[in-house]
Amino acid sequence: MAFSFLPELVISIVVVHVVIVGLYYIKSSKNPLLPVSWPVVGILPSMVVNLHRLHHYISFDLLTPSGHSLKVAIASIRMFITCDPTNIQYIFSSNHTNYPKGEDYAEIFDMTRGSLFSADGESSRRERANYQSVLSNPLLVGLMTKCCHDKVEKSLLPFMDHMVRTNTHVDMNDMLMRLVFDLYATTIFSVDPAYLSLDMPSVHVANAMDTVMEVGFVRHIVPAFFWKVMRRLNIGPERKLAAAQAVFRGFIMDMITERRKKGHIIGQEVHIDVLSNYVNDKNYNDDLLQATLITYMIAGRDTIGTTLPWVVYNLAKNPHIVSSIRNELAPIMSRKAAIAGAVTMMTFEPEEVRPLVYLQATLLETLRLYPPIPIERRSVVSTDVMPSGHVVCAQDIILVSIYSVGRMESVWGSDCLEYRPERWLSNDGRQLRYVPSNKFPAFNSGARLCLGKDIAIMQMKIIIVAIVCNFDVKMVDGQAIDTKLSCLLQMKNGLKVNLSKVQM
Ligand code: HEM
């Protein structure tokens, strides 16, 4: 009892220590942005000073000057940070069994414990096989693309049209996040929460998902002892996380309960959603079922929902790329117009968008510069030597900066910081160039490669062509486009745009 305040006292002492060292560091350093490793706290002060530009700091202040890989300490945590493609190949493919996600990872993302998201070894192979079989079922894939097409036609385009008619500017980040949440709730549970509708309902479950990723990020960078103490005391970010987890879990549990009550048949139709593959499977108890469905929501909603606003942002900044996409669409549009006559707005079917290589190059270029999962974390089982010559020791943490790989001059050339979809195309512009996943790890690399890549590309194509073909998008002046501190590369303050209709 007498020591019940001890954890808070320890936290306070450490926070004060870090702040004093940080202030001293800013005052004494000629350039406070340059990293210095301090005794006890390591690079923590320089990282704290640079948190607002973390990914740039990792890429250009840490990795570029050190030849793309370095060992650092953040307080008591030993880390090896890399973006070197030969190391990536080694970590994710050639010697991947020595670099699992690890127990720390499962603790950080405790909501997903047991599911593929945080599993390693045999259980990850078993779970991965199940996900693979669900996500390659042609009926489900068909449903996912059809549902995307329907959502675009019935929710997205009417919403955007309304914004034009009422001359209201739109937060594209918010709008697309709502759309993608609806899309994934519909394909996973056959329930459409209609987050994207004119009355703009509260998006508390989507907000809770964002909080999970924001506090997950804090758990990555502070020593486990601190966040566990905060969790126990239910203070600070951990208090926020506990509330968010309750909302997210509550939503998932409601979906499961509802399905168990109503069964698989609605009217004459049998559900072919994700939930129907698991709900009667005896290998999935309630906890594992919940964790699995949470993983599906995160895998689809977080990634596509994070990427789409960056696509729109880059298109708004590059009108010549919008023209190139429209040129690629022109033959399909005139064919459709000849059949349907004059239409006010157009949508596109999966078969129509599949061959559009310039559009695909635009999506890949966005993922190169703005990967929704900017950092991958792995642990080290036993001491080993990386291809770059660095020795990593058991218990070290490995951070692979996917964000940095996309901005490496040695991989992408001297124009690596330019947004240029053409770099993905063959000389005649008709085919996509192959880039191995260790040089383009936005969809991960090796044994744990993303299982939803093709679905994601198809859905993003359907959504982006509908926007590009029907609307002109102009960014509202004077806004700072920034990223959140999160495990995802989400926009911090949204993306405000003005819309106008393209005359068909
Ligand atoms: C822009 C879209 C997407 C991107 C950039 C992306 C990227 C990634 C990345 C980086 C990972 C590895 C994550 C980790 O190490 O934990 C991953 C894993 C995974 N993704 Fe995606 N993803 C996208 C969309 C999707 C979609 C739409 C689905 C399914 C509907 C999906 C299903 C999965 C699954 C099941 C895994 C786990 C694979 C494993 O751990 O073995 N992804 N994805």
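Read the numbers this way: they start at 1 and go in the same order the structure lists the ligands and their atoms.
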Aromatic ring pairing Phe117/Phe109, orientation class (parallel under 30°, perpendicular over 60°, tilted between):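 Geometry flag for Phe109 against Phe117: perpendicular rings.
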Taking atom types as modelled and ignoring hydrogens, do the side chains of [X] and [Y] form a donor-acceptor contact shorter than 3.5 angstrom?
X	Y	value
Asp384	Tyr99	yes
Ser118	Thr112	yes
Ser115	Tyr296	no
Asp110	Gln245	yes
Ser190	Asp273	yes
Asn98	Ser382	yes
His149	Thr347	yes
Asn130	Ser133	no
Asp281	Asn283	yes
Ser437	Asn444	no
Asn493	Gln479	no
Tyr184	Gln459	yes

Option with minimal heavy-atom separation from atom 35 (C) of ligand 1, where the choices are Phe92, Tyr131, Phe117: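 It is Tyr131 that holds the nearest heavy atom.
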Pick from Cys450, Pro371, Cys487, Ala456: the one approaching atom 42 (N) of ligand 1 most closely through a non-hydrogen atom: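 It is Cys450 whose heavy atom sits nearest to atom 42 (N) of ligand 1.
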May I ask whether [X] places a heavy atom under 4.0 Å from ligand 1?
X	value
Trp310	no
Lys453	no
Met297	no
Leu116	yes

Which heavy atom of the protein is the closest neighbour of [atom], given with residue, atom name and distance?
atom	answer
atom 23 (C) of ligand 1	Thr303 OG1, 3.4 Å
atom 41 (O) of ligand 1	Arg128 NH1, 2.6 Å
atom 12 (C) of ligand 1	Asn444 ND2, 3.2 Å
atom 28 (C) of ligand 1	Gly452 CA, 3.5 Å
atom 15 (O) of ligand 1	Glu376 OE1, 2.7 Å
atom 25 (C) of ligand 1	Ala299 O, 3.3 Å
atom 7 (C) of ligand 1	Ala442 O, 3.3 Å
atom 34 (C) of ligand 1	Leu451 N, 3.9 Å

Is it the side chain, the backbone, both or neither of [X] that has a heavy atom closer than 4.0 Å to ligand 1?
X	answer
Met144	side chain
Arg125	neither
Gln459	neither
Ile373	side chain
Pro372	side chain
Phe109	neither

Please determine if [X] has a nitrogen or oxygen closer than 3.5 Å to a nitrogen or oxygen of ligand 1.
X	value
Tyr184	no
Lys101	yes
Arg448	yes
Thr307	no

Can you sort out which atoms of ligand 1 are near [X], meaning under 4.0 Å from one of its heavy atoms?
X	answer
Tyr105	16 (O)
Met460	1 (C)
Arg378	15 (O)

Pairing of Arg423 and Asp415 as salt bridge, 4.0 angstrom limit: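 So Arg423 pairs with Asp415 through a salt bridge.
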Separation between CZ of Arg368 and CZ of Phe440, rounded to the nearest 0.5 Å: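 If we round to the nearest 0.5 Å, Arg368:CZ and Phe440:CZ are 9.0 Å apart.
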